[in-house]
Amino acid sequence: MKDLNYNQQFEFSGKAKTYSLIAIAIGFVAIAFGILAGHTERTFANLLLMSYYFASVCMQGILFCAIQYVSQAGWSASVIRIPQAYAKVLPYAAFVLIAVITLGLLTNHTVVEEGKKIVEPYLYAHWATKGIVVKGSENYDAVIAAKSSYLNIPFFFARLIIFLGLYSIFGALLSRYSKNEDEVGGMANYNKSFKISAIFLVVFGFTTPLFAFDAIMSLEAHYYSTMFGWYNFAAMWVSGLAALTLITIILRQNGYMTWITDNHLHDLGKLVFAFSIFWTYVWFAQFLLTYYANIPEESVYFYKRWEPEFKPWFWLNIVLNFCAPVLLLMSRDAKRAATVLKYVCIVVLCGHWLDYYLMVMPGTVGAAGRGFGIEEIGIALGYVGLFTFLMLNALSKTSLVPKNHPFLEESLNHHI
Amino acid sequence: MSSHESIIREPLITGDNITYAKITDDILVPVENMPNKAWWIGFTVASAGAMLWLYAVSYTFWYGIGSWGLNKTVGWAWDITGFVWWVGIGHAGTLISAVLLLFRQNWRNSINRSAEAMTIFAVICAATYVVSHMGRPWMALYTLPLPNQYGSLWVNFNSPLIWDVFAISTYFSVSLVFWYTGLLPDIATIRDRATGLRRKIYSVLSFGWNGSVKTWQRFEAVSLVLAGVATPLVLSVHTIVSMDFATSLEPGWHTTIFPPYFVAGAIFSGFAMVQTLMLVTRKVLGFENYITMFHIESMNKIILLTGSIVGVAYLTEFFIAYYSGGEYEQYTFLNRFIGPYWWAGCMMYGCNVLMTQLMWFKSVRTNIALSWGLSIIVNIGMWFERFVIIVVSLHRDFLPSSWAMFYPTWVDVSVFIGSIGVFFTLFLLFLRVLPAVAMAEVKLLLKSSSEQEKKKLLEQGHVGKEQAEFYKENLIKYDSVEQAEYSNI
Amino acid sequence: MDSTKYILGIFDDPDEMMKGIDSLKEKGVSIYDVFTPMPIHGIENKLGIKESRLPIAAFIFGCIGLTAAFCMLYYMLVYDWPINIGGKPHFTAPNFVPICFEWTVLFSSFGMVFTYFYSNHLFPGRTPRVMDLRATNDRFVIAVNAKTNTQHDQIDSCLKEAGAVEIKHNDRKYVSYE
C-alpha cells in the first residue's frame with residue numbers, strides 16, 4: 001500500500017453527473033404523469049415511499065459511522081467516507097420527506113367510500129381526515145380519537161422535524177470531525193467522534209421506532225405492532241449496507257479506491273448476508289405471531305397484503321430479500337467476487353423498495369388503486385438519481401480516504 | 001500476522017515476559033494442582049444447594065405439582081420463570097463464542113471457554129425445570145414424535161412448547177459440540193503434560209488431537225461455520241421461548257416485539273452472569289493477566305447496550321399499549337406499577353434499565369466491585385422481568401372474579417435456589433478438570449495484542465506521539481499493569 | 001545405516017517457523033507435517049493444502065435436515081393424522097418454520113463436526129500421534145521425513161538458520177506410544 005494516494009478525490013462529472021440528472025428528470029416526468037393521469041394519491045404514495053427510503057439510507061450512513069467508532073472497528077476506516085457522504089445528504093432527504101408529507105397531508109381530495117363522500121388528505125387519511133376525532137362528526141372514529149393525543153398534525157410534524165434534525169446534526173458533526181482529522185491529525189477528533197457516536201446511538205435507538213411508527217405504521221392507524229419499529233430498522237440497516245457495498249464496488253470499478261481489496265468486499269458481503277437474515281427474522285417473527293394469534297386488529301395488516309393484488313408481491317419480497325442474498329452470498333467466493341456482490345446488492349436494494357411498497361401501498365391506495373407502472377418506476381428512478389447526485393457531490397468534497405484515521409493502517413492491511 | 005494492529009487498541013494480555021509456556025502454566029494451575037480453600041468453600045456451599053434441589057425436586061415428583069404454589073389463575077409461575085431465566089443466561093456463552101467470533105472481537109478468546117461452559121450448565125438447569133414441571137418426568141417422552149399406542153397420535157407441532165423442545169435440545173447439543181470441539185486442543189495440552197492415569201483419561205478425552213496442519217485448518221473451518229450456524233440458533237432459541245407467550249392472546253404476552261426483545265434480554269442476563277463468574281474466577285485463579293480490565297469494561301459496555309435495547313423494548317411496549325387503545329392491554333401495563341405487584345415491576349424496570357445506566361460512567365465500568373454488584377443486580381432484575389411478564393400478566397386477566405395472587409411454597413423457592421446450587425457445582429467442577437481459558441486461542445493473541453509487544457513498539461518509538469499518549473491513558477485503568485514502567489517511555 | 005526416521009525442527013516462535021518452512025521449501029525438502037499449539041494463519045497456502053470442503057458438507061447436511069424436518073412435519077400433521085386444532089388449517093406452513101430451522105442447524109452442525117472427526121480420525125480413545133510432547137504447549141514443530149529427504153545436514157543447517165531452538169533426529173515416528 002505504499003503507492004496509496006492519500007489525497008485521491010472523487011471527481012464528480014461526466015457520465016455520473018449526466019445520468020443522475022437524467023434520472024431526476026425522469027422522476028419529475030413520472031410525477032407529472034401521475035398527477036395528469038389522475039393518479040394523484042398513487043403518486044403521493046410513491047413519493048412517500050421513496051422519500052422514506054431515501055431518508056432511511058442516509059440515516060443508515062450516520063448509524064454505520066457511529067457503530068464503527070463505538071465498536072472501534074478497524075477494517076472499515078478506508079470506506080468510511082461513503083457513509084459519511086450519505087450522512088451529509090440527510091438534511092436534503094429530510095427536507096424532501098417533510099415536504100412530501102406536508103403536501104400530502106395538507107391537500108385534500110374527495111373519495112367515495114361505502115357510498116359515502118369523504119374529503120380526506122392524500123397521505124395519512126386514516127388519522128388526519130377532518131373530523132375524524134370530533135365526536136358527532138360523520139367521520140368520527142373512536143379508535144383514532146383515543147390516540148389523537150399522539151397522532152395529531154402539529155405533534156406529528158414536530159416529531160418528524162426534531163428526529164430528522166437531530167440525526168442531521170449528528171451526521172454533520174461526525175463528518176466534520178473526520179474532515180478536521182484529515183487536516184490536523186492526532187486523536188482529538190477521533191475522541192470527539194467516539195463521544196458523539198455514543199450519544200447518537202442512544203438518541204437514534206430511542207427515536208427510530210417512533211419514526212417508523214409515524215411515517216409508515218400510521219398510514220393504517222388502527223393497526224399496531226410493537227415490532228414495526230425494529231422491522232423498519234432492519235430494512236433500513238440492510239438496504240444502507242447494500243447501497244454502501246454497491247457504491248464501493250462501482251467506485252472501485254471506475255478506478256477509485258484501489259485500496260479496497262477482496263477482503264473488504266468480503267466483510268461488506270458478510271454484513272449484507274447476515275443482516276438479510278436478520279431482516280427476515282424480524283419480518284417472520286412479526287408475521288408468525290400475527291398469523292398465529294389471529295387477532296383481528298393485527299391480522300388485518302397481513303390480510304390486506306394477501307389480497308390477490310398483493311399476494312405475488314408479498315412472496316416476491318421474501319425471495320428478493322431473503323432467498324436471493326442468502327443463497328447467492330453463502331459461499332466465501334461469492335462474497336469476494338465483485339460482480340456477484342454487485343448484482344446481489346442491486347437485488348437487495350430493489351427488494352427493499354418492494355418491502356416498503358408493501359408497507360405503504362395497501363394503506364394508501366389499497367388493492368383497487370394499486371399499480372406498478374410509470375409512477376412507481378419513474379419516481380424510484382428519480383430518487384435514485386437524486387441520491388446519487390447529492391451523495392456523489394458530497395463525496396467529491398473530501399479525499400476518499402481519511403488519511404489520519406487511527407485505524408487506517410489496519411484497514412489498508414485488512415486481511416481475513 | 002496482524003502486526004498492523006493499531007497501537008491505540010488496548011492490550012488483551014498484560015504482564016511482562018509472557019511466553020507461550022507461561023500461558024499454559026498459568027492457565028493450568030487450577031487443573032494440575034489440588035484445589036485451594038476458596039474452591040472448597042464454594043464447592044461445599046454449592047453442593048449443599050444442589051442437595052436442596054435434589055430434595056425439592058424429589059418432593060415435587062413424590063407429591064406432584066400441587067406442592068407448588070400454583071392456583072387456577074396463575075397456573076404458570078416460578079417454574080417457567082426459572083426456566084426462562086436459566087435459558088436466558090445460557091445465551092451468553094454461545095453468543096460470545098459465535099457472534100463475537102464473527103465480529104472478530106479478539107477479546108472473546110480469553111472468556112469464551114468458561115462462558116460456553118456456563119451456557120451448558122445453565123441450559124442443563126433450564127432443562128431440569130422442563131422435566132420437573134411435567135410433574136411426572138417420564139411424560140417427557142410424549143414431547144418427542146415417537147410412534148405410540150394411540151394409532152400414532154403425533155405431537156402437536158403447532159405448539160410453541162414443542163418448538164421449545166426442539167430448540168432447547170438442538171441448542172444444548174450444538175453448544176456442547178461447539179464447546180467440546182474447541183476444548184480438544186487444550187485437552188491435548190493437558191494430556192501431553194500429564195502422566196499416569198491422568199494422561200490416560202485426558203488422552204481419551206482429547207480424541208487423539210495432535211495439532212497437525214490439517215487438524216488446525218479444518219478446526220478453523222469448523223469453528224467458523226459452527227459460529228455461523230450457532231448465531232441464528234442462539235437467536236432462534238430465545239425467540240421460540242418468547243413465542244411460548246407471544247403466540248397466546250394474553251395481554252402482556254401477545255406482542256410482536258417479544259422475539260428480539262427476549263433475545264436482547266437473554267444476552268443481557270447472560271453477559272451479566274458471565275461477568276459475575278468471570279470476576280470471581282479472575283481473582284481466585286489469578287487470571288488478571290488474561291482477563292484484563294479491558295475485558296471487564298467491554299463486558300460492561302455490552303451489558304449497557306443490551307440493557308438499553310431492553311429499555312427501548314419496554315418503552316415500545318408501553319407506547320403501543322397506549323397507542324393500541326386496547327383497554328386490557330393498557331390495564332396490564334398499568335397494573336405492573338399500580339397493582340399489588342408494583343414492587344416486582346419496580347425491581348424489573350429499576351434493575352434492568354435504571355441501574356445499568358450507571359455504566360455510562362467509566363469509573364463504574366472499570367470498578368471491579370461495582371461491576372460485580374451490578375452484574376448481580378442485572379440478573380435479579382431479569383428474574384423479576386420474567387416474573388412480571390408471567391405472573392403479573394396472568395394474575396389479573398379478563399375475568400375480575402378470578403383475579404388472584406401467587407404465593408410460592410417452600411418447594412418453589414427450594415427448586416429455584418437449589419438450581420443455582422446445581423449450576424455452581426457444575427461450574428466449580430469444570431474449573432478443576434478443564435482449562436477455564438482457551439489456551440490455544442489466547443496464544444494466538446500474544447504476538448499482536450499483548451502489552452509487552454505494544455510496549456516494545458512504544459520503546460522503539462514507531463508510533464505517533466498522540467496515539468501513544470492515548471494508549472497510555474487507556475492503560476491507567478488496568479490493575480494488572482505496572483503503571484510506573486510507562487512514566488518514562 | 002542412519003536409523004533416523006524423522007527430523008524435527010523445533011521453534012519457539014511461529015514467525016521463525018514460517019521462515020524455516022520457506023527455506024526448507026527453497027532447498028526442495030518436502031515437509032511431512034507441522035505441529036503447532038495454535039492455528040497459524042497462512043500456513044495452508046505455504047504447504048499447499050487445499051481449502052477445506054467442510055463448509056460444503058455443512059451445507060449439504062443442512063439441506064438434509066431441512067428436508068427431513070419438513071417431511072416429518074408434513075407426514076405427521078397433514079398426511080398421517082390431521083387433527084382439527086381450533087379450526088385452523090392442517091398445513092400451517094409458518095408454524096413449521098421453527099422446527100425446520102432447528103433441524104437444519106442440528107443436522108448441519110453435527111454432520112459437519114462428525115465429518116471433521118471422521119476425516120481427521122478424531123475419536124475418543126484414539127492414541128495420540130504426537131511427534132513432540134511440547135508441540136501442544138509452546139513449541140512449533142516442523143517434521144521432515146528423513147527417509148525420503150536424505151541430505152540431513154543441509155536440513156539441520158536450514159532449520160538452525162531459521163532459528164530453531166532444537167533439532168531432533170528421531171528413530172521412531174511418534175513419542176506418545178509408550
Side-chain angles (χ1 to χ4, degrees), chain B residues 1 19-21 23-24 145 151-158 160 162-163 166-167 170 173-174 177-178 181 184-185 188-189 191-193 203-222 224-226 229-230 232-233 236 239-240 243 439-441 443-444 447, chain C residues 12 14-15 33-41 43-44 47 49 51-52 54-55 58 62 72-73 76-77 80-81 83 85 88 92 95-96 98-99 101-106 108-110 112-113 116-117 119-131 133-139 176:
Chain B
M1 293 179 83
T19 57
Y20 294 114
I23 294 176
T24 316
S152 272
L153 176 62
W154 302 110
V155 289
N156 179 8
F157 284 109
N158 291 300
I162 294 297
W163 304 348
F166 281 77
T170 303
S173 44
V174 172
V177 160
F178 198 176
T181 313
L184 290 176
T189 309
R191 173 197 71 200
D192 289 347
R193 288 160 60 97
S203 179
V204 172
L205 293 177
S206 74
F207 287 18
W209 178 277
N210 66 357
S212 70
V213 176
K214 273 196 176 171
T215 329
W216 276 120
Q217 183 216 17
R218 292 182 182 146
F219 174 85
E220 291 219 290
V222 166
L224 206 60
V225 176
L226 268 185
V229 295
L233 177 65
S236 82
T239 294
I240 290 172
M243 285 173 180
M439 292 182 284
E441 292 179 50
K443 285 173 189 168
L444 216 47
K447 288 201 88 172
Chain C
D12 63 355
D15 296 337
D33 207 339
V34 176
F35 300 93
T36 54
M38 64 192 201
I40 308 288
H41 210 85
I43 194 169
E44 312 86 272
L47 295 177
I49 293 173
E51 208 179 308
S52 168
L54 281 166
M72 177 182 78
L73 294 173
M76 291 179 183
L77 289 188
D80 188 44
W81 191 319
I83 311 171
I85 303 162
K88 296 205 174 184
T92 47
N95 298 356
F96 287 14
I99 292 176
F101 171 78
E102 297 302 331
W103 271 29
T104 310
V105 170
L106 184 71
S108 92
S109 43
F110 270 80
M112 176 183 57
V113 169
Y116 169 56
F117 288 166
S119 63
N120 279 29
H121 309 283
L122 295 167
F123 55 86
R126 180 181 159 84
T127 315
R129 279 134 172 92
V130 173
M131 287 189 162
L133 285 178
R134 281 178 79 175
T136 51
N137 181 359
D138 63 336
R139 290 290 186 258
S176 48

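Model, not experiment: these values are computed from the prediction. Every chain is numbered from 1 and lettered A, B, ... according to where its sequence line falls, protein lines coming before strand lines.
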Among [options], who wins on heavy-atom pairs under 4.5 Å with chain B?
options: Ala58(C), Gly125(C), Ala135(C), Pro98(C); result: Pro98(C)
options: Ile43(C), Ile83(C), Leu122(C), Leu73(C); result: Leu122(C)
options: Glu102(C), Arg126(C), Arg139(C); result: Glu102(C)
options: Val113(C), Leu54(C), Ile99(C), Val105(C); result: Ile99(C)
options: Leu47(C), Asp80(C), Thr104(C), Thr92(C); result: Asp80(C)

Subject >> Residues which pass side chain to side chain donor-acceptor pair (under 3.5 Å) with Gln217(B), listed by chain and number, not counting sequence neighbours >> reply: none
Subject >> Leu226(B) CG to Thr181(B) OG1 distance, which is reported to the nearest 0.5 Å >> reply: 6.5 Å
For chain C, which candidate among [options] shows the most heavy-atom pairs at distances under 4.5 Å?
options: Trp209(B), Phe178(B), Phe207(B); value: Phe207(B)
options: Thr215(B), Val177(B), Ile23(B); value: Thr215(B)
options: Trp216(B), Tyr20(B), Phe157(B), Phe219(B); value: Trp216(B)
options: Ala188(B), Ser206(B), Pro185(B); value: Ala188(B)
options: Ser203(B), Ala230(B), Ser173(B), Pro160(B); value: Ser173(B)
options: Ser212(B), Ala221(B), Ala440(B); value: Ser212(B)

Subject >> Residue pair Lys443(B) / Thr24(B), side-chain donor-acceptor N/O under 3.5 Å >> reply: yes
**OP:** Give, as side chain, backbone, both or neither, the part of Leu184(B) having an atom under 4.5 angstrom from any heavy atom of chain C.
**Re:** side chain
**OP:** Measure distances from Ser152(B) to the heavy atoms of chain C and classify the residue's part below 4.5 Å as side chain, backbone, both or neither.
**Re:** both
Subject >> Ser119(C): partners by side chain to side chain contact (heavy atoms under 4.5 Å, CB included), with sequence neighbours left out >> reply: Arg218(B)
Subject >> Main-chain N/O of Asn137(C) paired with Thr189(B) side-chain donor or acceptor, under 3.5 Å >> reply: no
Original post:
Is there a donor-acceptor pair closer than 3.5 Å between any side-chain N or O of Asp33(C) and the backbone N or O of Val213(B)?
Top reply: yes
**OP:** Check whether Phe123(C) gets within reach of chain B through its side chain, its backbone, both or neither, counting any heavy atom under 4.5 Å.
**Re:** backbone
Subject >> Contacting region of Ser108(C) [heavy-atom separation from chain B under 4.5 Å] >> reply: side chain
Measure the shortest side-chain to side-chain distance between [X] and [Y] over non-hydrogen atoms and say whether it is less than 4.5 angstrom.
X: Ile240(B); Y: Phe166(B); value: no
X: Pro128(C); Y: Asn210(B); value: no
X: Pro37(C); Y: Asp138(C); value: no

**OP:** Let me see the working for Arg191(B) and Val130(C) under side chain to side chain contact (heavy atoms under 4.5 Å, CB included), right down to the final yes or no.
**Re:** CA-CA 11 Å; Arg191(B) 173 197 71 200; Val130(C) 173; 3.3 Å; yes
